Amino acid sequence: MAKHQTPLLDQLESGPWPSFVSDIKRESDARHTNEKGVEYQIPEDVCDDLLGVLELSFKDGTTHWKHGGIVGVFGYGGGVIGRYCDQPEMFPGVAHFHTMRVNQPAGKYYTSEYLRQLCDLWDFRGSGLTNMHGSTGDIVFLGTRTEQLEEIFYELTHNLDQDLGGSGSNLRTPACCLGESRCEWSCYNTQELSYHLTQEYQDELHRPAFPYKFKFKFDGCPNGCVASIARADMSFIGTWADDIKIDQEAVQAYIGGEIAPNGGAHADRDWGKFDIQKEVIDLCPTECMWMEDGKLKINDRECTRCMHCINVMPRALRIGDDRGLSILVGAKAPILDGAQLSSMLVPFIKAEEPYDEIKEVIENIWDWWMEEGKNRERLGELIKRQGFQKLLQSTGIKALAQHVQEPRHNPYIYWHEEEVPGGWDRDINEFRKHHQR
Amino acid sequence: MAKHQTPLLDQLESGPWPSFVSDIKRESDARHTNEKGVEYQIPEDVCDDLLGVLELSFKDGTTHWKHGGIVGVFGYGGGVIGRYCDQPEMFPGVAHFHTMRVNQPAGKYYTSEYLRQLCDLWDFRGSGLTNMHGSTGDIVFLGTRTEQLEEIFYELTHNLDQDLGGSGSNLRTPACCLGESRCEWSCYNTQELSYHLTQEYQDELHRPAFPYKFKFKFDGCPNGCVASIARADMSFIGTWADDIKIDQEAVQAYIGGEIAPNGGAHADRDWGKFDIQKEVIDLCPTECMWMEDGKLKINDRECTRCMHCINVMPRALRIGDDRGLSILVGAKAPILDGAQLSSMLVPFIKAEEPYDEIKEVIENIWDWWMEEGKNRERLGELIKRQGFQKLLQSTGIKALAQHVQEPRHNPYIYWHEEEVPGGWDRDINEFRKHHQR
Amino acid sequence: MAFISSGYNPDKPMENRITDIGPRKYTDFLPPVIKNNFGKWAWHEIIEPGVLMHKADSGDEVYTVRCGAARLMGVHTIREICDIADKHCDGYLRFTTRNNVEFMVDSKDKVEPLKQDLASRKFDGGSYKFPIGGTGAGITNIVHTQGWVHCHTPATDASGPVKAVMDELFEEFQQMQLPAQVRISLACCLNMCGAVHCSDIAILGYHRKPPLVDDEYLDNLCEIPLAVAACPVGAVKPKKKEIVGEKGDTKTVKTVEVNDDRCMFCGNCYTMCPSLPLADQEGDGVVIMVGGKVSNRISAPKFSKVAVAFIPNEPPRWPKLCEAIHTILNAYKEGARKYERVGDWAERIGWERFFEVCGLDFSHHLIDDFRDPAYYTWRQTTNFKF
Amino acid sequence: MAFISSGYNPDKPMENRITDIGPRKYTDFLPPVIKNNFGKWAWHEIIEPGVLMHKADSGDEVYTVRCGAARLMGVHTIREICDIADKHCDGYLRFTTRNNVEFMVDSKDKVEPLKQDLASRKFDGGSYKFPIGGTGAGITNIVHTQGWVHCHTPATDASGPVKAVMDELFEEFQQMQLPAQVRISLACCLNMCGAVHCSDIAILGYHRKPPLVDDEYLDNLCEIPLAVAACPVGAVKPKKKEIVGEKGDTKTVKTVEVNDDRCMFCGNCYTMCPSLPLADQEGDGVVIMVGGKVSNRISAPKFSKVAVAFIPNEPPRWPKLCEAIHTILNAYKEGARKYERVGDWAERIGWERFFEVCGLDFSHHLIDDFRDPAYYTWRQTTNFKF
Ligand code: SRM
Ligand code: SRM
Ligand code: SRM
Ligand code: SRM
Ligand code: SF4
Ligand code: SF4
Ligand code: SF4
Ligand code: SF4
Ligand code: SF4
Ligand code: SF4
Ligand code: SF4
Ligand code: SF4
């Protein structure tokens, strides 16, 4: 019989969507059965107590977790989130219930072999429960006790060749869309850049020396499948500088209805016959497409590479060949001064190993932020506080019209003394010779 | 020969556009000639010295006017802007050079008889120079001496039945578009409302009791010919609540090319044959128009009354019959915190004498602003500082989706204690029973 | 010149005093055809540039001839306007909200004589007194402010640049060849009395040197706390200073200190305190802003955006200013669609393209850095044009 | 349970220590067909809901079957995933950025057996373990956060409401009938670990009672200056108080005072100081935000807007929340055009109409009052719908 009655949670076992309650119960049962005879290093009833404390929250509508103390592994300032239950007597199995963030492989491909290794380790030394994956991207080991942290870290690094991810005021675990591995639209190798920079900046990832957290995310194209523009202090988003490639035959096949539009994404509803004018040309935000003599034409100079036409006709239109990425900066959640999306900093840059140019931008930004950022001030907030101009100065990037959606509408322009003929040194008495009081 | 050499200004006499330099010179000449034998009450060479001081500014690139002292007429806190020259010895004629603001008639219609009276008075007691009109709307008498202020006021009120306009921290001279007097689109009598409120609030106009200036402007329709939405603390803009009236025959006449579109406003260039689809239907921002069986149809429920179709086809489309106005509030120039356009407060209100409902809105706003506004804080700034909700509270207006262009994107919602079950009074010890430290 | 009393008695200011009577009632001034058809107009037509015809439900017509004017006008010019009104219009006339003069007649045959009369009148210097135009899809009169003619805070003149620009664009005033109406305004300082913040093209006087501090006199002429509070960026701080006075004496004065590096030259401190002048021949000049509008037609009203950060003052004819405006206008004329206002055009093609087709430089000055809303003007999308 | 050492020696932590090795390299984990065609994909097709086919330039094909998952999963479920991968996919699999599981096979004939295997697996409680779907113009997995399962600051649970909502919308997960993709996210507090600020539909945990102050312990547990600085609206102030301790003794403590009327319940003070708890059964609940997006397709990425100011927590199945979301989704499904995201639809019809067609109340809570940018969300035009 279950350790705790969970009538409320039990109601979440029905319904088609995978039930996390069933999953936790499965884990609980498995621990009690213990077929493999694992010598559990944390209480066998950890899952039962988790269900118990959660049921209590369902009943009283509040959380029963306290702030985490400072727990972690030696020499690292991140990778572990401490967590303690506020009713440890009722739920001793989860009295300590720290999470560990394990740095996921770029693009989140796995072999079953490797995943099983993770499972064995976590079954043995933790709750057996995970998040696959955390919002930042990590594999999240959900719940273990303080004394297991170093042990797990040791086994991870020695046996699995695997490091922890980030937490605290440091570089957070970078994440990317699957990019070139399985997407025809990827303008650079998102996985490689993510991996490369993760390795390059291991020190920044593990040892908090920043004013606050800092996130990298890598989207292969403007579709934004890893949502970098909303969730990363630096968003690397693929784009191209030359023309969209058109296969006119395939265009005709779309028009003729031989190929379903948008890769068949709307297949379950009758939207009527595909209408290239209505569905592509009229929706192009820059109005740079038209049909001429039965051919689709694009004025690529006016195209902003929004992806719409390509998304609708993947077999007819392909991204250009002169590929690279845009760097946008400053996205963050609303705390404190309101949410931000990332803002354009580098409209186009090549993404080629060893990525020196990209690293230069990163490091210039970090230098500035570490110098000027206040405690718990995200990059986006610093940019707002000191102005976009300071960001440009610190990165040595020239102001471009591409930096703005529109020029300023207030005329409160700062001029520097050097920019103004004669400088600012003036003499009031000289002035008063021509302008009496 | 001219009193001062003005080689720079003289260059502004050529060219087709009416030359203000020529105009001042004309005035200067006339004063010296003095055909009518006027006993000028301020120096005869006032215009010469104005040209002189202006030439000096053209030479040295700076103004030669000082801050005005507090000059005015007894009992009024506005209507006069004091002004003194910072080189009075060089230009004694303009040593004092105060302006007087004369409240223009609504819609700026005049009889020559009345204008001549103004001219005679100003020729006699002032510089003879005016601005027809100031940016707020007044007739601006440009330049007289302190001792003439009361005399001019006396003559204005006694002989011309005419009062001064506003300046300082009070209601400023209201202004309106010509409205029903000569425009088919006016949704209310802008002149009447402007006149009525000017009379109603004479005290507020003349005796500064406000935190700062306050402006009313009245546009008869959303075309905004007096720019009220950009220039008035309260903008009254005509609109209607029922359907646009369509004359299908006239629609056909436009389509057939018998009537020039937009009242002929584009006549001097060949824009090709009028295309109702391209020029009207496709440009309708709500896409609520279409042709059906050769008839123009409008889904008026979706129409936002932007005026475009009516502007293009004034003979085919006319504004609805259920007319009134919207009240928007808070427009101002950028000093201090950035410019504002007026924001929607009352989407629709009838404009019928005695306008009691409108006055209620006005007075509620003033009460709030006078209570809460800081010194030199415009209404728009107060709304920003205390929030739109406070504006709604103070005017007793219910929040509507029409008040916003979009709902808030930050979730920082203020709740009042009354709105939250159980209120805010809680006991930490009670809490700690369920949540240990 | 002997003082002539109006009847006002300074010793008894309240005697016979008339106050709070407001303006004259507008109905006193309406021409008969207007009065008769008030609120009953059916439609209108611009029969040629500068000439409007309004048709009433009654069938009546009123023909309006609109003329440009330097709104700075002497009483002799106003009397001349009255003469014209008497001669052609039964003594009625009006001014528009953009300072044009409108002469109205009640039948078509009266239009031609009126027009000829107007067109024939010129100032001695050669300029038209009453150029006809300013209607429809063209340029109309420039709304402007006082400048060096009357104000203490300008960073440029008003009437001068307006005359220069209107000469430059005069053709567009007399014809209707633009995609839509283009409204130009000028304000000689940031106070923006011309409300240039919502104009298709705006000319704005701008200082670029922080205020001088007239230490010796400041405390006498200003309320220090007000001067301090006036600064939107907190650049003004109270300060005690030891100074050498005009007469060579050393003394300690209460004054203020300006943090030059923070100042963005708004002049608000000077508005509150005459001992903080900003004006400077080299520092002052104009900013060009573009793309604002006021009407709700198709798109919502919008602010003008800074397109040229600075052009020096070049009296008497401000050639660089005129050229820049004409270039922008030509690019608009060529690139915009029928009915498309300047701002809508710039947004459609993208501001990066706007700068290109206008041949204007983009510089860091044009990137917003004023308070939180600045963020919303930066580019939070990968969608851009090369 | 006996402690078993990994080999780690707490007395010599640096002995044999391995650090800074980073994650495993992604190339170790790529299935052969992916590795062979890396960077050389030509096009793709969704052959049915949940099944993608990517075609390489080489002619190779990879078929991907996507399954929903509660991302909170135990090792036994993960091992089951591994079993499936071993059985059908040569031991390879991946997770998507929205926590779905993807099984890939290199030829079409392998798809059907894989699908059947997946669809056949259910938890004892009856729910699917691996429901197929989440592609194209439908609903996919909800990105979410910890909630009552692990965090100290939530105002709602995460896994619970997610399960309830996904059950409610399950059909839309398995079919592609919507105008465009609809991305739902949940964050259990304003920290927004789910980054819900740019989702088509966002569920956000929200407190509505100001923090309690645990006066007696605060100074021991918190850095008072940090707690004070944490408040974005300055509602927290340091304070000395005389209190009666738990044991009945009177003493003076250093603590803080919260100005309840200023507080907007963001919880940032609690993040910095455990002695300022906000959680409350009646006060806490969820906000629904709508219309955000991340892609740059057609329109720029945009923030979600608050559409429902508050819905109380109703565990275990949050019925009002589910109903509200379903209603919004249905209105969207009915009213939007093909390819039109939720936010673009709401903007096209106007937010006033959005509230009407969704049958949602508009209240003052939805009007922005947070700092200067609030102004830009009010309506500065006369253009509105009745
Ligand atoms: C585990 C995770 C949620 C999840 O269930 O997936 C998470 C959990 C926490 N986040 Fe987060 N954040 C997680 C991704 C995010 C994201 C999303 C992202 O990275 O893409 C965001 C929004 C993006 C951003 O960074 O702005 C996010 C924005 C925050 C914030 C607000 C930061 C801000 O600048 O606005 C806080 C507050 C703080 O730092 O004190 C926060 C704080 C926290 C803390 C540490 C609570 C705290 O105040 O100490 C949470 C610990 C919960 C726990 O007990 O496990 N978390 N947090 C995510 C990390 C897992 C991983 O490593 O993969
Ligand atoms: C005369 C006039 C300009 C003109 O040439 O037409 C004018 C002239 C002055 N304005 Fe203005 N304003 C004039 C219309 C405006 C307008 C336009 C309008 O009313 O439609 C505005 C912008 C709209 C607005 O109110 O925001 C305007 C915004 C200002 C401001 C900024 C106020 C603000 O809240 O941002 C100031 C500064 C101040 O009040 O100290 C100002 C201040 C001034 C002062 C009094 C200078 C000062 O700081 O003391 C100027 C006196 C000039 C002089 O010596 O004659 N004036 N002022 C306009 C009044 C004539 C009339 O009564 O018809
Ligand atoms: C006379 C005047 C009103 C007054 O009370 O004095 C007036 C009169 C008319 N306006 Fe206006 N507008 C007048 C200032 C304005 C202003 C205010 C301003 O410029 O400061 C605006 C807003 C400007 C803006 O949006 O920035 C204005 C925006 C319009 C519009 C909207 C045009 C647009 O494309 O956005 C129309 C509709 C149209 O032109 O089709 C319009 C239409 C009209 C009509 C056709 C109305 C009618 O049926 O009689 C009038 C003749 C138009 C013409 O001249 O081509 N009127 N009109 C003003 C003449 C000013 C001048 O001397 O040039
Ligand atoms: C697998 C995944 C990437 C990954 O590295 O894991 C992915 C894969 C694909 N995305 Fe995505 N997207 C994935 C998350 C996203 C996200 C991120 C998110 O939702 O958090 C976005 C941005 C969402 C937003 O805008 O709010 C995203 C916005 C798109 C779009 C733009 C759609 C739009 O209408 O705005 C496309 C283009 C399309 O669908 O035509 C796209 C297209 C695609 C294509 C067709 C790319 C390709 O050629 O293979 C892939 C299959 C689409 C499908 O499932 O229908 N993908 N895609 C992610 C699957 C998540 C899931 O399990 O459901
Ligand atoms: S972001 Fe672009 S490249 Fe990356 S998976 Fe999505 S569509 Fe493909
Ligand atoms: S990518 Fe977008 S902007 Fe470019 S042509 Fe296609 S639809 Fe138009
Ligand atoms: S605002 Fe409207 S009513 Fe007034 S003059 Fe202009 S078009 Fe006519
Ligand atoms: S007034 Fe504007 S919104 Fe209404 S039908 Fe005409 S064009 Fe469309
Ligand atoms: S804009 Fe400035 S300088 Fe010009 S009149 Fe107004 S206050 Fe004076
Ligand atoms: S000019 Fe403006 S910014 Fe500069 S010190 Fe004066 S008030 Fe401050
Ligand atoms: S959103 Fe808030 S409550 Fe939820 S996991 Fe993140 S910090 Fe914790
Ligand atoms: S919850 Fe937020 S607003 Fe309220 S006191 Fe704490 S920090 Fe301040």
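Not measured: the values here are computed from a predicted model.
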- Query: Can you find a heavy atom in the side chain of D/Ile367 that is under 4.5 Å from one in the side chain of B/Leu392?
  - Reply: yes
- Task: Please look at B/Leu400 and chain D and tell me whether the side chain, the backbone, both or neither of the residue comes under 4.5 angstrom of a heavy atom of that chain.
- Result: backbone
- Give, as side chain, backbone, both or neither, the part of B/Thr286 having an atom under 4.5 angstrom from any heavy atom of chain D. side chain
- Under 4.5 Å from a heavy atom of chain D, the part of B/Ala331 involved: neither
- Item | Residue part contacting chain D, namely of B/Arg426, when any heavy atom lies under 4.5 Å | both
- Task: Using the ring of D/Phe370 (Phe, Tyr or Trp, six-membered ring only), decide whether B/Arg408 places NZ or CZ under 6.0 Å from its centre and within 45 degrees of its axis.
- Result: no
- Query: How about B/Arg437 and D/Tyr217: do any of their side-chain heavy atoms sit closer than 4.5 Å?
  - Reply: yes
- Select one option (side chain, backbone, both, neither) describing which atoms of D/Phe386 are under 4.5 Å from chain B's heavy atoms. both
- Query: Has B/Arg305 got its NZ or CZ under 6.0 Å from the middle of the six-membered ring of D/Phe384, at an angle within 45 degrees of the ring axis?
  - Reply: yes
- Side-chain donor-acceptor pair present, B/Glu406, D/Thr377, cut-off under 3.5 Å: no
- Message: Within this structure, what is the CD-CG distance for the pair B/Gln405 and D/Asn383, rounded to the nearest 0.5 Å?
- Response: 8.5 Å
- Item | Contacting region of D/Glu356 [heavy-atom separation from chain B under 4.5 Å] | side chain
- Quick one: are B/Lys390 and D/Asp369 in side-chain contact, heavy atoms under 4.5 Å? no
- Heavy-atom pair count under 4.5 Å with chain D, highest-scoring of B/Pro411, B/Cys288, B/Cys306: B/Pro411
- Task: List the steps, then state whether side-chain contact (heavy atoms from CB on, under 4.5 Å) holds for B/Thr239 with D/Thr382.
- Result: CA-CA 8 Å; B/Thr239 193; D/Thr382 56; 5.7 Å; no
- B/Tyr414 and D/Arg262: which non-hydrogen atoms are nearest, and at how many Å? CE2-O, 2.9 Å
- Query: Checking heavy atoms, do the side chain of B/Ile413, its backbone, both or neither come under 4.5 Å from chain D?
  - Reply: both
- Please check if any side-chain donor atom of D/His364 sits under 3.5 Å from a side-chain acceptor atom of B/Gln393, or the reverse. no
- Check against side-chain contact (heavy atoms from CB on, under 4.5 Å), B/Trp415 and D/Met264: CA-CA 7 Å; B/Trp415 289 89; D/Met264 36 78 164; over 6 Å; no
- Query: At a heavy-atom separation under 4.5 Å, does B/Gln386 approach chain D through its side chain, its backbone, both, or neither?
  - Reply: neither
- Identify whether the distance between the nearest side-chain nitrogen and carboxylate oxygen of B/Glu417 and D/Arg208 falls below 4.0 Å. no
- Flag if over 12 foreign heavy atoms under 6.0 Å of NZ, D/Lys320: no
- Message: Can you tell me which portion of B/Ile383 sits under 4.5 Å from chain D's heavy atoms? Options are side chain, backbone, both or neither.
- Response: both
- With a 4.5 angstrom heavy-atom cut-off, which part of B/Asp427 approaches chain D: side chain, backbone, both or neither? backbone
